[in-house]
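Input: a single structure, listed below in structure tokens.
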There are 2 protein chains.
Amino acid sequence: MKYEPVVTESVAKQIAEQIRRAITNGTLKADDKLPTESELARQYNVSRPTIREALKRLAAKSLIRSRRGPAGGTFVRAPSAEDMSQDLISSVALMVSLSVFDLTEIAETRHELERVCIRLAVKRRTEAELSRMATEIKLQKDKSLTDEEFCASDVRFHRALVDATHNSVMQFQMFTVIEALQPVENMVIFRFREREKTIEQHEKIWRALRAQDLEKAEKAIDEQMVYLRKSFSQAQEWRRKRDSAETVA
Amino acid sequence: MKYEPVVTESVAKQIAEQIRRAITNGTLKADDKLPTESELARQYNVSRPTIREALKRLAAKSLIRSRRGPAGGTFVRAPSAEDMSQDLISSVALMVSLSVFDLTEIAETRHELERVCIRLAVKRRTEAELSRMATEIKLQKDKSLTDEEFCASDVRFHRALVDATHNSVMQFQMFTVIEALQPVENMVIFRFREREKTIEQHEKIWRALRAQDLEKAEKAIDEQMVYLRKSFSQAQEWRRKRDSAETVA
DNA sequence: TAACAATATTTGTCAAGCAAATCTATGAAT
DNA sequence: ATTCATAGATTTGCTTGACAAATATTGTTA
């Protein structure tokens, strides 16, 4: 007979959870130093390897960092938005590769979020973002750019657009979907998209943003997305054909 | 003189990263069994505790799970959207408590995302979601409900609204901001919001959704958010006063 | 045949210690 | 006296070896 998975959680996990709570509820603050591993082992009445397993769990979530040496030890680390963004992006990438998330849904979400961004950006964009975007557009016109460089510039352009919302939560959310779509988007750009058309759309967005013309801006975003989706389904079609060809062969 | 933090990453971290990549790129699939810890230790030429530290890092990200016994071992676990959502929510909650994210920004993001949701939901809502929402509205009218129960019902109402988009990525994103705002929102409801007004707004949203009337739906959402923000700033004001009073005392 | 017990396998934990990093303080050379 | 090098001291990183607990399998007995 099969046993049900045991309910008792490992000591290491419990300790990790306890420390995590201490961080969450403010008992442990950023840059606070935890006791040494030996000290923790004594306090919790467990061995040092067990403590280490607990700490590694927290380190995996970048809640703590450790340094060796006399002034070293384990310190609480305030997770930055960047850290979390990176984590989230890699998780989403994994789920896309496992087909948990559908690319079509990601594309739709991106479109809708970008519409939101443009609404906010039209109101709040500063010269800083406008000039960042202008720089990228200029760069994109350079015919000697490789496809990789062009894609990277495309990402930077959209990042500047998101930054123009001046809302860090919005940025956080948006980066996730932008990055999750990036592999496919690169493929699309490599195979099907003409640079001229992309640049033209970027310029439309930029002009609308500079003029703070919401209507034109939304139209530009929609147009861009219609085009991206068309290329995107072309790419999927192409990939479908290639896959079925491989199956036959 | 201070040393720069050492560049060499720990062996355990490298191994964890290697296994993570194997999962990401499909070399290891869901429910695949990894070699035993001893076997891995032999393969990587490290000790078992080191392997365990690596595995615990992955377990912390719920990429693997372990069972004891002869048929036990370490198995690759396909992370579900639920897992990830939970992870993300707890991370965001932490960052809110550390003031990395501003509540005003979260509120704005939620408003904008909810506008997006309503746009999609108006087109795609099914009877299932409509009836879930109706159930909650009915429940909310029960005067004997505790504040906690009322809040929980409020969350379920909005969850149904998000589900009506039938876009799992959108749901994923939305749950994050809903949950991140929840503690404050509860406080607001407890102290400042009148239930009748909240219910009235829910009903407006529901009717617009049933009629698939986009204009009315957007208006209802906007109205709700104006009200929420007003209560929200009242609550912040109240908290500010309480804090400064404490400082004086 | 069915219930039960022994056994093997695998993760969980412990113990003690060495290695590597790195800060601090001491001492030597200028 | 000041600066530089060097020798501890301290803390994490890692190893070895072993035992404990969980649990599937296999054999034994009623």
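Chain identifiers are assigned alphabetically (A, B, ...) following the order of the sequence lines, protein sequences preceding nucleic acid strands; residue numbering begins at 1 within each chain.
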For the side chain of [X] and the backbone of [Y], is there at least one donor-acceptor N/O pair under 3.5 Å apart?
X        : Y        : value
A:Gln86  : A:Asp83  : no
B:Thr109 : B:Glu105 : yes
B:Arg124 : B:Thr165 : yes
A:Ser62  : A:Ala59  : no
B:Ser153 : B:Glu149 : no

[X] [atom1] to [N] [atom2], straight-line distance once rounded to whole Å:
X       : N      : atom1 : atom2 : answer
A:Ile15 : C:dT13 : CD1   : P     : 8 Å
A:Leu55 : D:dC14 : CG    : P     : 14 Å
B:Gln14 : D:dG13 : CD    : P     : 13 Å
B:Tyr44 : D:dC14 : OH    : C1'   : 17 Å
A:Arg57 : C:dT13 : CZ    : C1'   : 14 Å

Residue pair B:Arg21, B:Glu17: steps toward the salt bridge (Lys or Arg N to Asp or Glu O under 4.0 Å) verdict: CA-CA 6 Å; B:Arg21 263 202 294 274; B:Glu17 187 51 31; 3.6 Å; yes

Taking atom CD1 of B:Ile23 and atom CZ of B:Arg20, what is their separation to the nearest 0.5 Å?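 Nearest 0.5 Å value for the CD1-CZ distance: 8.5 Å.
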
For A:Glu39, check side chain to side chain donor-acceptor pair (under 3.5 Å) against everything at least two apart and list the hits. A:Arg42, A:Gln43

Could you give the angle between the helix axes at the two ends of the helix from C:dT1-D:dA30 to C:dT30-D:dA1, with five pairs per end, rounded to 10 degrees? 10°

Show each protein N/O and nucleotides 10-12 of chain C N/O combination with a separation under 3.5 Å, one pair to a line.
unit_1: C:dT10; atom_1: O4'; unit_2: B:Gly69; atom_2: O; d: 2.9
unit_1: C:dT10; atom_1: O2; unit_2: B:Gly69; atom_2: N; d: 3.3
unit_1: C:dT11; atom_1: OP2; unit_2: B:Glu37; atom_2: N; d: 3.2
unit_1: C:dG12; atom_1: OP2; unit_2: B:Arg52; atom_2: NH1; d: 2.7
unit_1: C:dG12; atom_1: OP2; unit_2: B:Arg52; atom_2: NH2; d: 3.2
unit_1: C:dG12; atom_1: OP2; unit_2: B:Lys56; atom_2: NZ; d: 3.3
unit_1: C:dG12; atom_1: O4'; unit_2: B:Arg68; atom_2: NH1; d: 2.8
unit_1: C:dG12; atom_1: N7; unit_2: B:Arg48; atom_2: NH2; d: 3.3
unit_1: C:dG12; atom_1: O6; unit_2: B:Arg48; atom_2: NH2; d: 2.7

